[in-house]
Amino acid sequence: DVYKRQDIYSLSFVKLGSGNNLIGYYMYHGGTNKIGKLSTFNESKATGYPNDYPILSYDFQAPLSEYGEVREQYRLLNLLHMFVQDFGDVLAPMEAVDSEEDVAVNDLKSLRYCMRTDGESGFVFINHYQRLAKLEDVDEVVIDTGLVKFPQIDVCGDVSFFMPFNMKVGENILEYATVQPLCCVDDTYFFAAVENIEPQYKFADGTEVSPKAGIDSVFKVGDAKIVTLTWEQALYARKLSGKLYIGRSCDVYEVDGKICAACDGDYSYIYWNGTGFEEVCVKKEFKNAKAIFENILSEPFSPMYSEELNIGGKRKTIWQRITVDSDQGFIEINYSGDAAQIYADGNLIADGYYYGLPWRVPARLLYGKTCYLAVSEMKDDFYREF
């Protein structure tokens, strides 16, 4: 799954570093197609489209799933969104400057980086991820922008990050920092520590600070406070109504002034009160539904949309009856096949094409109904990436 989230994040990251100021997405939240009175609404080769898509599912492995679950790519993209929201007026006028040497696609050893700058300040963008390839670690990297020389760092693993130079922080000038800027709340500036890189700050007045990342990392310089979050903490950070909240391994959001979580059951979060973080715990009764799968030897009924189970030619289909004991939470279906469908009381309620991860379906779609799962066999007749 690391590749799916990095595929999405690194693409937006590289565009931002290369000069894009209008962050946008085709599918940010997956959805479910309706079924019309006379036909389905999905794209298919039979109706003149280049590809066959599921009848109902329009998930696209988007940052927010078809059923509203939060994926890793949402959390990564949110790092960019928070930054752009608070510092977009600074970034937007900056020009994109390429590295001195172009890096070929098949070059897995050289560092990929660029810069956005207004001639006095800016941000260095480093992308150490390439789809379907493993980049080699680059040790002892020293970035010299011509204005500022960063301290030596090691760039390891699948990471994409940017670092500021000559950035205004309150009335102070941050000469450089080996951390990624996140957002600002009143007089407090939040940064995220990059994995395997020691946080280092140097200010124009000569002040140098190397804090240990975490919620207790606050230090003051001039009229500003600075907090260095761990990368994991930053992934769950949300700026809501002008305040910063960090979910404890949960994704928080706000509804009518109330902080909620995009998860079932109990949850907790911390929020910045101006001088430190305070914790809030919320109790929420929840019992995830359990599902029973029973093998069916023969087709239980004639499915209305059997053509989806036979894309590219006739395929063997395995049927199972599904029974769930409540309408809470999700059921997880670990299947291996070509296409899968779920029928409830004879109606198609969910479908999908296999892509290597468990299929998660809300229990509420099945509870109290007679449900069947159909999975068609996988053949070696389609394009796959490994």
Side-chain angles (χ1 to χ4, degrees), residues 9-10 12-21 23 79-80 82-84 86-104 107 109-130 135-157 159-184 189-211 213 221-222 224 226 228 231 234:
Y9 174 62
S10 62
S12 291
F13 177 91
V14 168
K15 289 196 298 182
L16 194 66
S18 299
N20 174 37
N21 286 332
I23 299 178
L79 302 178
L80 302 181
M82 285 196 297
F83 170 76
V84 170
D86 282 2
F87 302 104
D89 59 333
V90 176
L91 178 72
M94 291 182 171
E95 295 185 2
V97 179
D98 292 336
S99 58
E100 290 185 351
E101 297 182 6
D102 292 334
V103 178
D107 181 352
K109 296 182 179 180
S110 300
L111 189 69
R112 293 156 160 79
Y113 67 100
C114 65
M115 177 173 66
R116 293 283 298 267
T117 182
D118 59 8
E120 296 181 358
S121 61
F123 305 91
V124 173
F125 288 75
I126 296 176
N127 177 50
H128 198 59
Y129 174 80
Q130 181 171 307
L135 302 184
E136 296 184 19
D137 293 345
V138 185
D139 298 328
E140 301 180 352
V141 171
V142 177
I143 301 290
D144 190 343
T145 69
L147 297 167
V148 171
K149 188 175 183 179
F150 283 82
Q152 179 177 293
I153 60 173
D154 296 334
V155 181
C156 308
V159 293
S160 301
F161 62 96
F162 62 96
M163 305 180 296
F165 63 92
N166 289 338
M167 176 184 178
K168 190 173 182 181
V169 177
E171 296 302 320
N172 313 283
I173 297 298
L174 177 58
E175 186 175 315
Y176 66 71
T178 59
V179 290
Q180 181 165 315
L182 285 179
C183 65
C184 179
Y189 291 75
F190 295 88
F191 295 80
V194 183
E195 294 179 280
N196 301 312
I197 296 178
E198 179 188 358
Q200 298 180 62
Y201 298 83
K202 183 180 180 183
F203 293 85
D205 65 1
T207 301
E208 296 187 37
V209 184
S210 298
V221 56
I226 291 180
T228 310
W231 192 260

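Here the structure is a predicted model, which means the values were calculated and not measured.
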Looking at [X] and [Y], what are the two nearest heavy atoms and their distance?
| X | Y | result |
| --- | --- | --- |
| E101 | S99 | O-OG, 2.9 Å |
| Y113 | E100 | OH-N, 4.3 Å |
| V138 | K109 | CG2-O, 3.5 Å |
| P93 | V90 | CD-O, 3.3 Å |
| Y189 | G170 | OH-N, 2.9 Å |

### Message
Taking the ring centre of each residue, are F83 and F123 less than 6.0 Å apart?
### Response
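Yes, close enough.
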### Query
How about F13 and F125: are their ring centres within less than 6.0 Å of each other?
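Ring centres of F125 and F13 closer than 6.0 Å.
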Does the side chain of [X] reach to within under 4.5 Å of the side chain of [Y], using non-hydrogen atoms?
| X | Y | answer |
| --- | --- | --- |
| I126 | M163 | yes |
| Y9 | S160 | yes |
| F161 | I197 | yes |
| R116 | N21 | yes |

### Task
Would you sort out whether I226 and F191 count as a side-chain contact (heavy atoms from CB on, under 4.5 Å), showing the intermediate values?
CA-CA 8 Å; I226 291 180; F191 295 80; 3.9 Å; yes
### Message
Could you walk me through whether V155 and L135 satisfy the side-chain contact (heavy atoms from CB on, under 4.5 Å) test, starting with their C-alpha distance in whole Å, then the side-chain angles of each, then the deciding distance to 0.1 Å, before giving a yes or no?
### Response
CA-CA 10 Å; V155 181; L135 302 184; over 6 Å; no
Calculate, to the nearest 0.5 Å, the distance between atoms [atom1] and [atom2] belonging to [X] and [Y] respectively.
| X | Y | atom1 | atom2 | answer |
| --- | --- | --- | --- | --- |
| D98 | R112 | CG | CZ | 13.5 Å |
| K202 | F165 | NZ | CZ | 15.0 Å |
| L16 | N127 | CG | CG | 12.0 Å |
| S110 | E136 | OG | CD | 9.5 Å |
| L79 | S12 | CG | OG | 11.5 Å |

Side chains of residues 145-152: which donor-acceptor partners sit under 3.5 Å, not counting sequence neighbours?
unit_1: T145; atom_1: OG1; unit_2: L147; atom_2: N; d: 3.1
unit_1: T145; atom_1: OG1; unit_2: V148; atom_2: N; d: 2.9
unit_1: T145; atom_1: OG1; unit_2: V148; atom_2: O; d: 3.2

Only counting residues at least two apart or in another chain, list the ones meeting side chain to side chain contact (heavy atoms under 4.5 Å, CB included) with [X].
| X | result |
| --- | --- |
| D154 | D139, E140, C156 |
| E95 | none |
| S121 | M94, D118, N166 |
| T207 | F203, D205, V209 |

List the atom pairs, donor and acceptor, that lie under 3.5 Å between side-chain atoms in residues 173-183 and the rest of the protein, sequence neighbours left out.
unit_1: T178; atom_1: OG1; unit_2: E198; atom_2: O; d: 2.7
unit_1: T178; atom_1: OG1; unit_2: Q200; atom_2: N; d: 2.9
unit_1: Q180; atom_1: OE1; unit_2: F162; atom_2: N; d: 3.2

